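Input: a single structure, listed below in structure tokens.
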Amino acid sequence: MLFKQPGQHFHGPRHGWLKVAFLVLGLSGSAGLTLAAGTPAPAPSAAALALAEVSASVVPASALIKVADGRQLAPGIARIVNRGELVVAMLGVDTPPFFYMRKGELVGLEVDLAKAIAKELKVNVRFDRSARTFNEVVDVVARQEADLGISKLSRTLARAQMISFTDPYLRLNHAFILNRVKFAELARDRPLPVVIRDFKGSIGVIAKSSFSDYASKNFPLSELREFPSWGDVLKALEKGQVMAAYRDEFEIKRILKSDPTASLTLRTVTFKDLEDTLGIAVGIQDPTLLAYVNQFLSEGTEKMTIDKVLKALDR
């Protein structure tokens, strides 16, 4: 792994089968098969019927829907336009600067992103904040109770089995924040890269989060401990109950940004070869909506970066 710490750098319709059957018969005719006038055509073979069935399932008939203004739209887009609002699932726990309540209003970078997508669709936006965990946000979208999930969602293989993810709109490196005393006991004067590469200490993560999965995969020799919230993870780190807290570089850097004196008891390590990509969750029934949001993200002029996110904390 490559990592660095502050000051240190490391280098279809039922008749669809007939079309296929006719194609098969046409090909046979071109090979020399002729039918006398009045002779009934042979029934399509089992192979032709099977091929037709597969073709119909792979290439369904177009089903555009006409909306009030006369446009012909894909079902997923038409549903939103006809409803007049885009429903976005978002974690119920505030996570500034991505989404949080300020003076009774929901604000944040991802709130702005959701509103921009809704504006492009010419509809209002409604936020569903019933989810208490990031995985529950995915569940809401999978149950088709929301059109999109925009909630600092890490794109993971487990989640991608239930929903589709857009292309990443933010890339963050993985990072540790370490209890200096506990880490010194483990390191025993060994170089930092050696200790981290085969980390055998205890790691605190949010339960049922993407970083719980990442920890098991990337640090199999460690002792994994799960906590209900990030605040609980940090309390355990401060008390020495875990040696490291594991999350994305933004969450790690914001700790030192909010309290520079924390560097006296804590040290950070950023893994430059481990990346956490954030994407928008879209239901598997909405491929056109997925393509639409991807196109929206690609055309955006203001790309989200770690520096912009950290700067947003000062607002």
Side-chain angles (χ1 to χ4, degrees), residues 1-8 10 91 93-100 132-135 151-156 158 170-188 190 192-278 306 309-310 313:
M1 295 179 183
L2 301 175
F3 46 84
K4 70 176 182 178
Q5 53 183 324
Q8 184 173 8
F10 290 86
L91 184 67
V93 181
D94 285 1
T95 307
F98 294 92
F99 47 89
Y100 60 103
R132 307 309 298 174
T133 67
F134 292 103
N135 280 345
S151 192
K152 199 173 182 281
L153 290 175
S154 299
R155 305 183 336 147
T156 67
L170 179 61
R171 297 176 182 272
L172 301 169
N173 291 120
H174 294 201
F176 271 176
I177 186 162
L178 300 157
N179 181 299
R180 285 186 177 274
V181 174
K182 287 291 183 179
F183 184 73
E185 293 173 356
L186 175 69
R188 297 183 181 277
R190 290 180 296 163
L192 178 66
V194 174
V195 182
I196 294 296
R197 186 174 296 114
D198 298 314
F199 190 73
K200 297 179 181 179
S202 53
I203 299 177
V205 296
I206 301 173
K208 298 180 181 180
S209 69
S210 57
F211 278 86
S212 178
D213 295 336
Y214 292 149
S216 299
K217 177 181 178 180
N218 298 323
F219 303 98
L221 302 179
S222 69
E223 175 193 347
L224 180 62
R225 295 193 60 190
E226 296 186 315
F227 296 86
S229 70
W230 182 235
D232 293 322
V233 174
L234 297 179
K235 288 178 182 177
L237 179 69
E238 182 181 359
K239 294 178 180 178
Q241 296 172 351
V242 294
M243 188 177 299
Y246 186 30
R247 210 171 176 189
D248 62 73
E249 62 177 321
F250 164 73
E251 297 294 346
I252 300 302
K253 289 178 178 179
R254 73 182 297 179
I255 296 171
L256 298 183
K257 182 178 177 66
S258 61
D259 181 14
T261 64
S263 61
L264 298 175
T265 57
L266 304 172
R267 68 184 299 182
T268 64
V269 176
T270 299
F271 300 97
K272 306 306 292 186
D273 61 339
L274 295 177
E275 192 174 60
D276 182 31
T277 58
L278 305 188
I306 177 64
V309 174
L310 285 170
L313 288 173

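Note that the structure is a prediction, hence the values are computed from the model and not measured.
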>> So which atom in Pro97 and which in Leu313 form the shortest heavy-atom distance, rounded to 0.1 Å?
In response: CD-CD2, 3.6 Å

>> Is a donor from one side chain sitting under 3.5 angstrom from an acceptor on the other, for Thr133 and Asn135?
In response: no

> Any side-chain heavy-atom pair from Asn218 and Phe211 closer than 4.5 angstrom?
Replying inline: no

> Between Ser210 and Thr156, what is the shortest heavy-atom contact and its length?
Replying inline: CB-CG2, 3.7 Å

>> Does either side chain, that of Thr277 or that of Arg155, offer a donor lying less than 3.5 Å from an acceptor on the other one?
In response: yes

> Are Leu172 and Glu275 side-chain neighbours, meaning at least one heavy-atom pair lies under 4.5 Å?
Replying inline: no

> In a check of ring pair (Phe, Tyr, Trp, His ring centres under 6.0 Å) between Tyr246 and each of Phe219, Trp230, Phe199, Phe227, which one passes?
Replying inline: Phe219

> Is the shortest heavy-atom distance from the side chain of Phe98 to the side chain of Phe250 under 4.5 Å?
Replying inline: yes

> What are the two closest non-hydrogen atoms of Ala262 and Leu256, and how far apart are they?
Replying inline: CB-CD2, 3.9 Å

> Is it true that atom CZ of Arg188 has more than 12 heavy atoms of other residues, nucleotides or ligands lying nearer than 6.0 Å?
Replying inline: no

>> Could you check whether any side-chain heavy atom of Asp213 comes within less than 4.5 Å of a side-chain heavy atom of Lys208, counting everything from C-beta outward?
In response: no

> Is the closest side-chain heavy-atom distance between Ser229 and Ile206 below 4.5 Å?
Replying inline: no

> What residues form a side-chain contact (heavy atoms from CB on, under 4.5 Å) with Leu153, not counting sequence neighbours?
Replying inline: Phe134, Val137, Val138, Ser151, Arg159, Phe165, Ala281

> Just wondering, do Ile177 and Ile255 contact through their side chains at under 4.5 Å, heavy atoms?
Replying inline: yes

>> Walk me through whether Phe176 and Phe183 qualify under ring pair (Phe, Tyr, Trp, His ring centres under 6.0 Å).
In response: CA-CA 11 Å; Phe176 271 176; Phe183 184 73; 8.7 Å; no

> Donor-acceptor pair, Arg180 side chain versus Ser263 backbone, under 3.5 Å?
Replying inline: yes

>> For residues 228-251, which residue pairs pass the salt bridge (Lys or Arg N to Asp or Glu O under 4.0 Å) check, not counting sequence neighbours?
In response: Lys152-Asp248, Lys152-Glu251, Arg247-Glu251, Glu249-Lys253, Glu251-Arg254

> For Asp276 and Ser154, does a side-chain donor sit closer than 3.5 Å to a side-chain acceptor?
Replying inline: yes

> Under a 4.5 Å cut-off applied to non-hydrogen side-chain atoms, are Leu186 and Val195 in contact?
Replying inline: yes

> How long is the gap from CE on Met243 to OG on Ser202, to the nearest 0.5 Å?
Replying inline: 5.5 Å

> Can you name the closest pair of heavy atoms from Leu266 and Asn179 and give their distance?
Replying inline: CD2-CA, 4.1 Å

>> Do Gln241 and Arg225 make a side-chain contact, defined as non-hydrogen atoms from C-beta onward lying under 4.5 Å apart?
In response: yes

> Within the side chain of Thr270, is there an N or O that forms a donor-acceptor pair under 3.5 Å with the backbone of Ala175?
Replying inline: no

> Of all heavy-atom pairs between Leu224 and Ala215, which one has the smallest distance, and what is that distance?
Replying inline: CD1-CB, 3.7 Å

>> Tell me if a side-chain donor or acceptor on Ser209 pairs with a main-chain N or O of Val205 at a distance below 3.5 Å.
In response: no

> Is there a donor-acceptor pair closer than 3.5 Å between any side-chain N or O of Thr95 and the backbone N or O of Val93?
Replying inline: yes

